[in-house]
Amino acid sequence: MTHQHPGESRPEPHAPLTQASATLDGEAGLSKKGLSAGSVGLIGAIVIGISCIAPAYTLTGSLGPTVAEVGTQLPAIFLLGFIPMLLVAFGYRELNSAMPDSGTSFTWATRAFGPWVGWMAGWGLIAATVVVLSNLAGIAVEFFYLALAQAFNNPDIAELVGNPFVNVATCLVFILGATLISYRDMQTTQKVQYWLVGFQLLVMIGFGVAAFWHVANGTAFDPTQVELSWFNPFEVGSFTAVVAGLSVSLFVFWGWDVTLTMNEETKGSNSTPGKAATLTVTIVVAIYLFVAMGALAFAGIGDTGVGLGNPEIQENAFFYLAGPILGPLAILMSLAVLSSSAASLQSTFVSPARTLLAMGHYGALPEKFARVSPRFFTPGYATVVSAIVAAAFYAIMRVVSEDVLWDTITTLGMMICFYYGLTAFAAVWYFRKTWFASARNAFFRLFAPLIGGLILTVLFVITLVDSMDPDYGSGSNIGGVGLVFILGVVILGVGVVIMVWQRFKRPEFFRGERLSKDVAKA
């Protein structure tokens with residue numbers, strides 16, 4: 001007999017998913033899985049989506065490496081990376097409109113391709129978010145001590161991040177804080193995010209304005225005239241450089257799909273999450289372009305001083321540019337990156353927790369994952385499990401590799417390509433009988449997700465092959481094989497092992513009795 005955990009609600013018996021059971025009970029009350037329906041509006045979803053992407057945090061680590069690959073065509077690469085994200089987002093929107101479900105990639109891929117592919121799509125999403133949770137916590141630790149060092153004018157404080165014990169202990173505190181907020185209701189999450197996201201966006205906009213002000217007044221480090229060629233990817237001159245730039249772009253745009261995993265808690269669950277996803281990606285690319293152009297115009301691409309081509313500043317471009325651009329207000333940029341990583345750490349918990357909830361609800365994982373807090377109506381058990389795994393992953397990686405942040409970011413890119421690609425193809429296949437019902441369907445249900453999925457598949461294969469090189473990523477390797485490749489293969493391999501184990505423990509799901517394969521009707 002299975003015993004119910006005190007303080008957690010038990011899921012209702014499951015029937016095969018139909019269009020009726022995929023939708024919510026209403027705009028208020030509870031969803032089919034016990035989540036608080038109608039608690040997130042369009043603005044709230046966009047804010048949480050931006051928070052999950054973490055623009056301040058992602059830009060400070062991606063500006064330098066991308067410039068090193070593509071030079072002044074940085075805006076072009078951001079726009080190029082935006083294209084597959086937008087195309088895939090269109091596919092996500094169509095799937096959400098037909099089947100609003102917190103399981104997103106897991107549920108949709110199962111409906112399109114069956115339980116085995118669906119299970120692995122869910123695993124890819126969970127693995128990606130757990131990897132990035134550990135990464136975000138590590139970044140928050142670095143900028144926490146960096147901000148303290150700036151505030152007290154004591155560089156020694158920043159050196160504390162190099163102490164493994166202090167580093168891991170502080171990281172666990174950040175994860176604990178994010179877990180406590182995520183465990184509470186979505187209103188709490190939204191309130192926290194409004195402040196953190198608002199602050200980082202204001203600082204980034206101020207940073208861009210100040211950079212252009214310096215250029216106009218002749219006080220820029222290396223004033224560089226903005227040109228249309230910056231937006232032309234054909235000016236890059238190397239396919240390898242374009243691929244490398246696109247790989248970075250995957251990281252800087254990833255996270256918008258959190259707006260879809262909240263669909264059962266969103267007002268207008270059939271349409272609002274899709275709108276939020278599209279608007280989130282669009283707003284973020286506009287911010288990226290403005291700040292990137294400002295940084296390029298102020299600092300240029302030279303390899304000395306604060307030039308963006310200088311390898312010594314590439315890991316944390318904002319830290320080195322903040323002083324020359326913002327002057328005495330430079331500490332605001334450190335605080336913005338800290339708030340960005342902390343906000344994203346908290347909001348990123350939304351995706352794995354709700355995917356695990358759905359997998360438990362449909363019998364793909366133990367039923368305890370489907371437990372919902374009776375007080376906050378959030379996936380309490382799944383949230384705690386996500387936190388524990390993320391904390392353990394970071395602690396282990398910190399011991400295995402000193403360059404844990406770089407290696408986890410690169411591994412994340414592989415996981416993004418894997419589950420985004422599967423979901424895009426799921427949209428194409430699920431809607432196959434409706435492709436040519438209209439011109440709109442042909443674009444949004446066939447061409448857009450198909451092209452987006454193919455681009456991500458190509459990037460996945462290229463990254464997988466290249467990462468075998470021991471010099472790939474940070475250069476960490478085991479037995480002459482790149483650590484990034486080992487991480488990617490091990491993560492996917494563990495998913496296969498757990499899936500096979502669950503096949504024998506819970507055969508009903510894998511026979512299609514809990515979540516059936518289907519196709520959209522013309």
Side-chain angles (χ1 to χ4, degrees), residues 33-35 40 48-49 51-54 92 101-110 118-138 171 174-184 186 189 193 251 254-265 273 341 343-362 364-366 368-373 376 378-394 397 408-409 411-412 414-416 418-420 422-423 487 491-492 494-495 498-499 502:
K33 300 184 186 68
L35 299 171
V40 181
I48 293 174
S51 164
C52 201
I53 293 175
Y92 269 72
D101 190 283
S102 67
T104 58
S105 294
F106 158 72
T107 303
W108 300 333
T110 300
W119 204 100
M120 285 305 296
W123 176 259
L125 185 152
I126 293 166
T129 46
V130 166
V131 167
V132 84
L133 280 171
S134 66
N135 185 276
L136 288 165
C171 178
F174 273 103
I175 290 178
L176 176 61
T179 305
L180 292 175
I181 296 173
S182 299
Y183 193 94
R184 293 177 63 87
M186 288 301 294
T189 293
Q193 295 301 334
F251 171 65
W254 178 80
W256 54 264
D257 55 316
V258 70
T259 61
L260 281 303
T261 60
M262 298 184 297
N263 51 25
E264 295 190 28
E265 298 152 280
S341 55
S344 186
L345 174 64
Q346 190 269 310
S347 62
T348 301
F349 269 107
V350 171
S351 287
R354 280 148 186 80
T355 300
L356 288 169
L357 171 75
M359 294 180 79
H361 179 81
Y362 295 120
L365 285 175
K368 54 190 173 183
F369 282 99
R371 292 174 181 165
V372 175
S373 166
F376 300 115
T378 56
Y381 182 85
T383 300
V384 172
V385 170
S386 299
I388 292 173
V389 174
F393 181 81
Y394 181 82
M397 282 296 297
T408 53
I409 285 175
T411 305
L412 171 65
M414 294 172 61
M415 295 301 106
I416 293 170
F418 178 76
Y419 87 88
Y420 271 12
L422 275 181
T423 310
L487 277 174
I491 288 172
L492 292 177
V494 168
I498 296 176
M499 178 176 63
Q502 293 303 305

Quick one: list whatever passes side chain to side chain contact (heavy atoms under 4.5 Å, CB included) with Ala353, sequence neighbours left out. Pro379, Ala382, Thr383
For Leu422, give me all partners under side chain to side chain contact (heavy atoms under 4.5 Å, CB included), at least two apart in sequence or on another chain. Val117, Ala121, Phe418
How long is the span from the CE atom in Met499 to the CH2 atom in Trp123, to the nearest 0.5 Å? 10.5 Å
With Thr104, which residues qualify under side chain to side chain donor-acceptor pair (under 3.5 Å), at least two apart? none
When you compare the side chain of Tyr419 with that of Asp257, does any pair of heavy atoms fall below 4.5 Å? yes
Under the rule for side chain to side chain donor-acceptor pair (under 3.5 Å), what residues qualify as partners of Trp108, not counting sequence neighbours? none
Closest non-hydrogen atoms of Phe369 and Gly360, given as atom of the first, atom of the second and distance, are CB-CA, 4.1 Å
Tell me the closest heavy-atom pair linking Asn263 and Pro273, and the distance in Å. CB-CG, 3.6 Å
State which residues pass side chain to side chain contact (heavy atoms under 4.5 Å, CB included) with Ser351; sequence neighbours excluded, sorted by chain then number. Leu125, Thr129, Val258, Thr261
Taking all atoms of both residues into account, what is the closest heavy-atom pair of Ser105 and Thr423, and its distance? OG-OG1, 2.7 Å
OG1 on Thr107 to CG on Leu260, rounded to 0.5 Å: 11.5 Å
Closest heavy-atom contact between Gly495 and Trp119? O-CZ3, 3.2 Å
To the nearest 0.5 Å, tell me how far Ile53 CD1 sits from Ile48 CD1. 12.5 Å
Centroid-to-centroid, Tyr420 to Tyr92, below 6.0 Å? yes
Contact summary for Ala128 and Met415, nearest pair of heavy atoms: CB-CB, 3.7 Å
List for me each residue that meets side chain to side chain donor-acceptor pair (under 3.5 Å) alongside Thr110, sequence neighbours excluded, and say none if there are none. none
Is the shortest heavy-atom distance from the side chain of Met359 to the side chain of Ile126 under 4.5 Å? yes
Calculate, to the nearest 0.5 Å, the distance between atoms CE and CD1 belonging to Met414 and Ile491 respectively. 8.5 Å
State, with a plain yes or no, whether a side-chain heavy atom of Asp101 is found less than 4.5 Å away from one of Tyr362. yes
If you look at every heavy atom in Ala390 and Ile175, which pair is closest and at what distance? C-CD1, 4.3 Å
